[in-house]
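Single-structure report; data block below.
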Amino acid sequence: MSGKKVLVTGGTGFIGSHTVVELINAGYTPIIIDDLSNSTPQILNQIETITGVKPDFFQFDLCDSKATFEFISQNSDIDGIIHFAAFKSVGESVENPLSYYRNNLYSLVNLLESLSDRPMNFVFSSSCTVYGEPEKLPVTEEAPVKKAESPYGNTKQISEEILLDTTKAKGNLKVTALRYFNPVGAHASALIGELPTGVPQNLVPFITQAAIGKRGDIVVHGNDYNTPDGTCIRDYIHVVDLAKAHISALKKMEQHTDEDRFKVYNIGTGKGSSVLEVIHAFENATGVKAGYKMGPRRPGDVEQIFGEVGKAERELAWKAELNLSVMMSSAWAWENYIKENPM
Ligand code: NAD
């Protein structure tokens with residue numbers, strides 16, 4: 001590989017691994033830092049099988065400022081950073097807020113401080129959780145950021161503020177914060193995908209685990225919402241489409257000489273699907289029956305959210321291409337793969 005070098009923090013994780021594959025496909029040279037707190041080094045072999053390239057990998061915690069500073073000073077040829085590394089469980093963050101504030105904020109601050117005044121294109125993993133329960137749908141990037149419902153959500157809001165303030169102070173830093181909607185699915189090879197620890201908090205891994213017999217029936221958290229079928233609505237996006245959005249964001253920053261060095265984009269399909277629609281899409285895509293039962297509402301769940309995604313289309317020349325059926329069939333292929341090849 002000889003393309004531009006891009007540091008991918010959290011690059012052995014779910015979204016990170018798919019992005020590493022797309023970076024290689026686009027001619028970049030990804031280099032990964034991950035402490036493996038929520039992933040396995042086997043993913044590096046899987047990436048190699050898919051792409052023919054085994055990316056350079058460094059295992060350490062980005063909260064370790066000495067290790068982070070040393071790494072950045074020894075790698076002066078890095079052109080871009082995609083920062084995925086963070087803890088991501090809403091429920092866990094409520095139980096253990098300090099570990100979330102420490103991990104998600106220290107890692108970001110260390111990384112930014114280590115850069116000093118080096119020119120850098122920086123992509124940050126943000127989330128549609130910053131909008132809370134939106135007043136208008138589809139939600140645009142101009143919608144107000146609501147008080148976060150969880151410490152996890154708050155770390156995303158604070159991180160965006162840290163990045164905005166830092167771009168104001170450091171003239172060489174460009175930042176693109178991508179506000180993801182609900183990433184699901186897996187690579188078409190079924191060699192990489194989501195590896196939830198414990199009981200999945202997200203719908204799609206719960207569906208695939210229930211269908212393969214790892215869990216009992218799927219529990220639908222509330223069917224008395226003010227939506228057509230009474231269940232919550234989300235904007236599901238295929239993880240490969242999401243991965244490609246990071247490359248579009250990098251390319252835009254490489255070309256762009258705009259005054260505005262802090263940009264925010266919604267990354268979704270712009271289409272909302274209810275919990276029941278997703279369960280039925282899974283059954284239609286796979287031919288497998290997914291048993292479900294109704295349960296009470298879950299505290300903190302917003303009724304419905306889906307994104308206005310025109311800004312990313314116009315400015316990043318990026319658009320989601322894969323539909324719900326592909327999201328479901330690829331997630332199912334991955335669930336079957338890990339049944340045969342546990343990681
Ligand atoms: P993931 O847990 O699969 O990947 C994160 C990776 O970062 C893991 O491999 C973990 O080992 C690593 N990591 C965590 N803290 C670290 C540290 N201090 N130093 C080094 N490595 C560390 O999660 P994901 O689903 O791929 O999410 C990636 C990013 O996207 C996260 O920032 C997450 O908050 C954000 N995000 C995810 C979703 C989602 O639904 N998956 C939605 C919105 C935003």
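Sequence positions, counted from 1, serve as the residue numbers for this chain. Model, not experiment: these values are computed from the prediction. Note that ligands are numbered from 1 as they come in the structure, with each ligand's atoms numbered from 1 the same way.
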Exercise. For atom NZ of Lys339, is the number of surrounding heavy atoms from other residues, nucleotides or ligands below 6.0 Å larger than 12?
Worked result: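 No, because the 6.0 Å sphere around NZ of Lys339 holds 12 heavy atoms or fewer from other groups.
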Exercise. Is atom CG of Asn226 surrounded by more than 12 heavy atoms (other residues, nucleotides or ligands) closer than 6.0 Å?
Worked result: no
Problem set entry | Side-chain ion pair, Asp301 and Arg298, N-O less than 4.0 Å |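 Looking at Asp301 and Arg298, the cut-off is met.
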Exercise. Ligand 1: which residues have a non-hydrogen atom closer than 4.0 Å?
Worked result: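 Under the 4.0 Å cut-off, ligand 1 touches Gly10, Thr12, Gly13, Phe14, Ile15, Asp34, Asp35, Leu36, Ser37, Asn38, Ser39, Phe60, Asp61, Leu62, Phe84, Ala85, Ala86, Lys88, Asn103, Ser125, Ser126, Ser127, Tyr152, Lys156, Tyr180, Pro183.
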Problem set entry | salt bridge (charged side-chain N to carboxylate O under 4.0 Å, His left out) partners for Lys146, two or more places apart | Glu135
Exercise. Under 30°, 30 to 60°, or over 60°: which ring-plane class applies to His280 and Tyr292, parallel, tilted or perpendicular?
Worked result: perpendicular
Exercise. Any idea how Tyr152 and Tyr100 line up, ring-wise: parallel (<30°), tilted (30 to 60°), or perpendicular (>60°)?
Worked result: perpendicular
